[in-house]
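Per chain, numbering begins at 1; letters A, B, ... match sequence-line order. All heavy atoms count here, side chains included; hydrogens, waters and symmetry mates do not. All values derive from a computational prediction rather than experimental measurement.
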Amino acid sequence: MSEEEHAPEQNSLGKENFAPIEEILEGEHTGEEVKIRGWVHRTRDIGNMVFLNVRDPSGVVQTTIASDEFEEEKFEDLKDLLVESSLKVKGEVAKDERAPGGYEIRASEAEIVHASDDFPIHEDQSVEHLLDNRHLWLRSRRMRDILNVRSTVFEGIHEFFRDEGYEEFHSPILTPVACEGGATLFPVEYFDDQVYLTQSWQLYAEAAIFGMGDIYTIAPSFRAEKSRTPRHLTEYWHAEVEGLWHDLDDIIDLGEGLVLHLVEKVLEKNREELKNLDVDLEYLEDLEGPFPIITYEEAVSKLQDEGMDVSYGEDFGVPEEKKLTSLFDKPVFVTHYPKEIKAFYMKRDEEDESKVLGYDLMVPHVGELIGGSVRETKVESLERRLEEGGEDPSIYEWFLDTRRYGSVPHAGYGLGVERVLMWLCDLDHIRDAVPFPRTPNRYRP
RNA sequence: GCCGUCGUAGCUUAAUUGGCAGAGCACUCGGCUGUUAACCGAGCGGUUGGCGGUUCGAAUCCGCCCGACGGCGCCA
């Protein structure tokens, strides 16, 4: 291949040996000639000199473009660059008090990769405008920080379950059945039939444990609920686990273990991001097990002692959750809810048939982080509870089969990944825990 | 599903409570060799979300619709 034919998009600055801006800001290249590449973060033009602050995924550094270093036409082109133009710059790194961050690059060469159009996002933007331009807002430091933490959380979930000996199992996204009640499913055309987007991996997982043993997943779940709150998405990522021969204590330990592992993991990998996000690092650092465990009954009486108007048998609303979580300095497990306010698949407590062997793990500002339970193992009980819930048991025949052929005790839970991020990053709204949020009013971009 | 707030230039907003739609940022042009949200001067930019009504006159008042945001409920 001749020189002309080879990689015409490459230029005098080449494609190698570019320094991450972070290293320059840490003083690693002071006095050296370096190359950087990235986007124009801000410009200031004072005539025969231009300041271009350049951003890459690791940071922002000021570059100085002096007219006597460039041919006139090149200088004019650099001077005209708008915010978010992409470019490569070569120059000497200088430590200089006058530069934001304390370091700057005095450019000797520059290559404009793409001169940007007028970028739609500036300062003082409304929530609405940033959501409409989410594809561009992902370039912000805030979104970068959150998504870095998100990446760590996904890594941490896989790591935790695999270290504990759980295998990854996948359920179908398209399913013919509900899991938590039929009114909240997104219908999907399936040739001449109708199926639904899954709400949960669980029912399929309960079939899989007979072959695979202990399993987990991280997968999207969908809820067609018009929930207008700061902690609901219609599409969210659900970390779920199902453990063979597990009882309530086992899944409490497993829930606490996962949460503590994720805290440890993000503190290890994302300290900078958490600082940028103004997170209370001390709270996370001081967090350790065991988390408090109280029964639903105890929770109700605690709330009553606090003067709240709740009676036994009601599910907790937002004010109750807020009050309850404020009484503890750690996440709190609430166990043994009345069966009426929980799902059909939860096992009854043999000591009190009106209660189920399940829990919610609750944290301040976010509410329920994990919901878990021991699963009902008797066909008759499941059929009865489905009927009580107004459902047709015949749709669940395949699921009921799991209780007909060597039924075994087992338990599991589901954790809302975006809710964990909300808690870890101290976010006001769950939509910031995901790059392209889906809410009842918004599915673009 | 219910309750509430809002919709004016690309963005953020003002408009004396019904009387000439104005500004800042961005952008364009001009000036400036150390700016820090640079600064100085000029310019471009409006179907005031849409439709209808009241009025001599509507961004402003009324009705309907659309959209967004916040809260409750439902849930992870």
Aromatic centroids of A/Phe70 and A/Phe75 separated by under 6.0 Å: no
Side chain of A/Arg98 (C-beta onward), nearest among B/G71, B/G73, B/G34: B/G34
Distance, C1' atom - from B/A59 to B/G41, rounded to whole angstrom: 32 Å
Basic-acidic side-chain contact under 4.0 Å: A/Glu104, A/Arg98: no
P gap between B/U60 and B/G52, integer Å: 14 Å
Distance between P atoms of B/A23 and B/C62 (Å, rounded): 29 Å
Sugar-phosphate, base or nothing in reach of A/Gly367, heavy atoms under 4.0 Å: nothing
Salt-bridge present (A/Glu418, A/Arg431; N to O < 4.0 Å): no
Pairs flagged by salt bridge (Lys or Arg N to Asp or Glu O under 4.0 Å) wherever residues 316-341 of chain A is involved - sequence neighbours left out: A/Glu306-A/Lys323
Syn-anti status, with the boundary at 90° from 0, for the nucleotide B/U17: syn
Candidates B/C69, B/G1, B/G34 - which lies nearest the side chain of A/Asn441: B/C69
Base-pairing assignment for B/G7 (Watson-Crick or G-U wobble, both under 3.5 Å): B/C66
Interatomic distance at P, B/G24 relative to B/C44, whole Å: 14 Å
Separation of the P atoms in B/G45 and B/G57, to the nearest angstrom: 29 Å
B/G70 phosphate, OP1 or OP2, under 4.0 Å from A/Arg431 side-chain N/O: yes
B/G34 pyrimidine/purine six-ring stacking with A/Phe51, under 5.5 Å and 30°: no
Touch class at under 4.0 angstrom, heavy-atom based, for A/His41 against every strand present: nothing
Ion pair check, A/Glu383 and A/Arg385, cut-off under 4.0 Å: no
Rounded interatomic separation in angstrom, taking CG from A/Asp45 and C1' from B/A26: 15 Å
B/C32 phosphate, OP1 or OP2, under 4.0 Å from A/Asn48 side-chain N/O: no
Electrostatic pair A/Lys342:A/Asp315 at N-O distance under 4.0 angstrom: no
Nearest-angstrom distance, C1' atom, B/C61 to B/U55: 10 Å
Distance-only donor-acceptor test, A/Arg228 side-chain atoms vs B/G70 base atoms, 3.5 Å: yes
base_contact_polar (B/G34 base, A/Glu104 side chain, donor-acceptor, <3.5 Å): yes
Distance in angstrom units between A/Asp68 CG and B/G34 P, rounded: 12 Å
Per A/Glu128 side chain, nearest of listed nucleotides B/G34, B/C75, B/A68: B/A68
Whole-Å distance separating the CE atom of A/Met362 from the P atom of B/C75: 13 Å
Criterion salt bridge (Lys or Arg N to Asp or Glu O under 4.0 Å) on A/Arg375 and A/Glu242, from CA distance to verdict: CA-CA 10 Å; A/Arg375 317 306 194 188; A/Glu242 202 65 35; 2.8 Å; yes
Distance between P atoms of B/A58 and B/G49 (Å, rounded): 15 Å
G-U wobble or Watson-Crick pairing nucleotide for B/U17 (cut-off 3.5 Å, both distances): none
Minimum-distance nucleotide (side-chain atoms of A/Leu82 versus B/U35, B/A76, B/C27): B/C27
Shorter than 3.5 Å, N or O on both sides, protein versus nucleotides 8-12 of chain B: list them out with atom names.
{"residue": "B/C11", "atom": "O2'", "partner": "A/Gln125", "partner atom": "OE1", "Å": "2.8"}
{"residue": "B/C11", "atom": "O2'", "partner": "A/Gln125", "partner atom": "NE2", "Å": "3.2"}
{"residue": "B/U12", "atom": "OP1", "partner": "A/Ser126", "partner atom": "N", "Å": "3.2"}
{"residue": "B/U12", "atom": "OP1", "partner": "A/Ser126", "partner atom": "OG", "Å": "2.3"}
{"residue": "B/U12", "atom": "O4'", "partner": "A/Asp124", "partner atom": "O", "Å": "3.3"}

A/Arg419 with A/Glu368: basic N within carboxylate O range, under 4.0 Å: no
Among B/U33, B/G71, B/C32, the nucleotide that comes nearest once only the side chain of A/Ser67 is considered: B/U33
Donor-acceptor pair (no angle test) under 3.5 Å: A/Ser227 side chain, B/C74 base: yes
Pair A/Glu314-A/Ser311, side-chain donor/acceptor within less than 3.5 Å: yes
Atom P, compared across B/G70 and B/U35: separation rounded to whole Å: 41 Å
